[in-house]
Asks: 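Structure incoming, see below.
Model, not experiment: these values are computed from the prediction. Throughout, protein chains are lettered first and strands after them, A, B, ... in sequence-line order, and every chain is numbered starting at 1.
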2 protein chains.
Amino acid sequence: MSSVSKALELMTFFSGARPEIGLSEMRRLAGRDKATTYRHLQALQVFGLIEQNPETKNYRLGPALLQLAQLREQTVPRKAAARTAIQRLAEVTGETTHVSVMSGNTLYALDSCESEKHSTRAIIDIAIFPLHATASGLCALAFGTADLLEMAQADLKPFTASTPLTQDALASAVADVRRSGFGKSLGTFEADIHSLSAPLFDQDGHFAGAVSVASVATRFDPALERTIMQGLVAASRDITKNWGGRVPQNIEHKWEATLGGHTEMEHAT
Amino acid sequence: MSSVSKALELMTFFSGARPEIGLSEMRRLAGRDKATTYRHLQALQVFGLIEQNPETKNYRLGPALLQLAQLREQTVPRKAAARTAIQRLAEVTGETTHVSVMSGNTLYALDSCESEKHSTRAIIDIAIFPLHATASGLCALAFGTADLLEMAQADLKPFTASTPLTQDALASAVADVRRSGFGKSLGTFEADIHSLSAPLFDQDGHFAGAVSVASVATRFDPALERTIMQGLVAASRDITKNWGGRVPQNIEHKWEATLGGHTEMEHAT
DNA sequence: AACCGACGGTTCAATATATGAACCGATTAT
DNA sequence: ATAATCGGTTCATATATTGAACCGTCGGTT
């Protein structure tokens with residue numbers, strides 16, 4: 001392990017529960033010598049990545065991170081950060097994929113990507129996703145703030161014959177999403193389109209958006225469904241990471257239970 | 001120079017003008033061997049501090065910065081980040097100091113600190129700073145968005161006999177602040193208080209707030225004024241840094257011109 | 001008041017670790 | 001075809017990292 005890695009590892013020990021760490025505690029957490037740990041902390045401090053609380057002498061994350069994060073956001077905005085993931089997802093599924101972001105109480109389309117594989121394909125041309133009628137929307141209802149469900153239940157606009165029109169029908173669909181970890185829309189928004197989606201999360205593990213795959217109903221079968229779900233898991237992990245978020249453990253468990261294990265994907269190279 | 005520092009230095013080469021950097025260019029910027037540079041980049045990449053643009057193979061700042069920055073903000077909110085600076089400023093000046101933040105079109109008091117040095121001292125008990133009558137407010141008018149001045153000129157409330165009451169009087173005071181880099185209020189808000197202030201800046205170099213010193217008028221003299229201004233410069237640099245911002249070059253030049261050189265302060269240890 | 005343990009920080013000999021010249025294969029410009 | 005870049009890799013060399021032992025200080029205990 002390079003000394004650079006050893007130094008950088010120290011930064012990973014900070015968390016909401018442990019925002020400040022003294023030299024000795026850091027030394028124990030890292031399992032390294034005190035002198036080594038001290039020099040590493042010094043190096044990090046020079047660049048403002050960490051700083052010392054002048055009162056307690058404890059170390060904490062530093063101000064330089066704010067500038068760097070701002071520059072990162074400027075360099076790779078959320079749309080760009082999701083781009084390669086939905087392209088890859090379109091490739092492995094052969095279907096149209098898209099990402100949406102939650103802003104306030106609205107789920108906005110951010111970007112979409114069509115696959116070349118089939119001549120018939122779904123086309124995403126909506127700017128705002130109806131929460132009760134789309135797979136991405138169901139993800140929002142299942143994993144977003146509680147008030148969303150009330151709002152959605154108050155406005156159950158019918159799009160197709162399958163669109164859930166009663167509060168109970170919607171609640172049951174949402175419960176299904178909460179259980180499986182995947183949003184599912186079988187022709188509820190457009191009659192001949194079947195969609196699956198997975199939630200995306202922010203830094204606090206709160207719902208931040210959704211990634212989804214829209215498949216032509218006639219070629220939707222259990223094998224494709226499984227391929228899509230596996231692809232969604234990988235895409236959600238990837239986009240969530242690129243947005244600086246983290247997928248909560250319980251969601252990972254739901255995915256694993258739904259897919260029956262074997263959800264481990266190769267780590268991005 | 002430790003190899004940790006050498007690795008971390010690589011991150012400082014990213015900027016708005018140069019958001020992505022290839023291996024060879026990075027090697028040249030750092031003035032180091034290609035293999036070394038490559039290994040350092042790898043180490044940074046493992047921790048998500050940088051990542052590679054998959055298309056161009058160029059390196060750019062990574063997603064981990066978003067999480068770290070968020071945790072930093074959570075650990076050290078703006079008020080706490082300004083605390084030690086205004087304490088030190090109160091010490092070296094022997095006067096009452098305070099910080100304010102710009103939010104929308106309003107300048108809010110964030111924190112203040114009284115010095116023990118004199119038995120008579122200024123007390124800051126306002127929550128919102130009137131822009132035309134306080135030193136901090138004049139900083140906002142001088143360095144904030146242009147619409148602030150119009151708003152302030154439309155509401156020239158008189159506080160003391162010295163409060164500027166005409167648009168011209170205010171415009172001239174603001175011009176003075178723009179020239180010198182310091183806000184100055186000689187009894188314009190409270191008759192027996194003389195205040196000086198310096199602007200604070202965000203990541204983009206935009207006005208973000210002000211730090212100021214309120215002195216009892218009877219002991220205000222050129223020597224104290226100079227001490228205060230020097231202290232303000234150090235405090236503004238410090239707070240701005242802790243908020244993840246940067247003091248624009250032209251402001252530094254103004255301070256230097258006003259103080260006649262010798263504004264270099266010891267760097268924070 | 002003397003003691004103890006834990007803290008942050010420092011030193012220096014021993015050696016584990018970083019280094020860079022040379023090399024590779026792929027692209028691109030000439 | 002040729003040459004110049006590019007990103008990436010190798011391995012002998014030596015330099016920069018390491019950790020045991022050390023300080024001085026602090027807060028609690030005897």
Asks: Please give, in whole Å, the distance from C:dG8 P to A:N53 CG?
Replies: 12 Å
Asks: For side-chain contact (heavy atoms from CB on, under 4.5 Å), just list the numbers for B:S2 and B:K6, CA-CA rounded to whole Å, side-chain angles, deciding distance to a tenth of an Å, and then say yes or no.
Replies: CA-CA 6 Å; B:S2 71; B:K6 287 181 220 163; over 6 Å; no
Asks: Round to the nearest Å and state the distance from A:R28 atom CZ to C:dG8 atom P.
Replies: 8 Å
Asks: Would you say a side-chain N or O of A:Q45 is under 4.0 Å from OP1 or OP2 of C:dG8?
Replies: no
Asks: Using the ring of each side chain (for Trp, its six-membered ring), is B:F207 parallel, tilted or perpendicular to B:F201, with breaks at 30° and 60°?
Replies: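 The rings of B:F207 and B:F201 stand perpendicular, inter-plane angle above 60°.
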Asks: Does B:K34 place a side-chain N or O at less than 4.0 Å from the phosphate oxygens OP1/OP2 of D:dC6?
Replies: no
Asks: Write down the distance between CD (A:E51) and C1' (C:dG8), rounded to a whole number of angstrom.
Replies: 17 Å
Asks: Between B:T36 and C:dA18, does any side-chain N or O lie under 4.0 Å from OP1 or OP2?
Replies: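 Answer no for this pair, as no side-chain N or O of B:T36 is under 4.0 Å from OP1 or OP2.
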Asks: Rounded to whole Å, how long is the line connecting atom NZ of B:K57 with atom C1' of D:dG8?
Replies: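 Spelled out: NZ on B:K57 to C1' on D:dG8 is 9 Å.
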Asks: Side-chain contact, heavy-atom cut-off 4.5 Å: B:M11 with B:L49?
Replies: yes
Asks: Please check the phosphate of C:dT17 (OP1 and OP2 only) for any side-chain N or O of B:S3 closer than 4.0 Å.
Replies: no
Asks: Are any of A:S24's side-chain N or O atoms less than 4.0 Å away from OP1 or OP2 of C:dG8?
Replies: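 For C:dG8, OP1 or OP2 has a side-chain N or O of A:S24 closer than 4.0 Å.
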Asks: Quick one, A:R78 with A:V101, criterion side-chain contact (heavy atoms from CB on, under 4.5 Å). Give me CA distance, side-chain angles, the key distance, then yes/no.
Replies: CA-CA 9 Å; A:R78 295 220 269 187; A:V101 284; 4.2 Å; yes
Asks: Taking 4.0 Å as the cut-off, does a side-chain nitrogen or oxygen of A:H40 come that near to OP1 or OP2 on D:dT18?
Replies: yes
Asks: Without decimals, in angstroms, what is the distance between B:L41 CG and D:dG7 P?
Replies: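 Those two atoms, CG and P, are 10 Å apart.
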Asks: Using heavy-atom distances to pick each residue's nearest nucleotide on DNA chain D, tell me which of B:R39 and B:L23 is more 5'.
Replies: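 Mapping each residue to its closest nucleotide by heavy atoms, the 5'-most match is B:L23.
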Asks: Which nucleotide sits closest to the side chain of B:A35: D:dA16, C:dA21, D:dA20?
Replies: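 It is C:dA21.
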Asks: Could you tell me whether the phosphate oxygens of D:dG8, OP1 or OP2, come under 4.0 Å of any side-chain nitrogen or oxygen in B:Y59?
Replies: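 Answer yes for this pair, as a side-chain N or O of B:Y59 is under 4.0 Å from OP1 or OP2.
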Asks: For B:R27, which contact category applies under a 4.0 Å heavy-atom criterion: base, sugar-phosphate, or nothing?
Replies: nothing
Asks: Could you give the CG-to-P distance, from B:D33 to D:dT15, as a whole number of Å?
Replies: 15 Å
Asks: Write down the distance between CZ (B:R32) and P (D:dA16), rounded to a whole number of angstrom.
Replies: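 The distance from CZ of B:R32 to P of D:dA16 comes to 12 Å, rounded to the nearest Å.
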Asks: Are OP1 or OP2 of C:dG8 and a side-chain N or O of A:Y38 less than 4.0 angstrom apart?
Replies: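 Answer is no, no contact under 4.0 Å.
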Asks: How many Å lie between CD on B:Q42 and P on D:dG7, as a whole number?
Replies: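 Answer to the nearest Å: 12 Å.
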Asks: Before accepting this row, confirm whether a basic side-chain N of the pair A:D33/A:R27 lies closer than 4.0 Å to the acidic partner's carboxylate O.
Replies: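 So A:D33 does not pair with A:R27 through a salt bridge.
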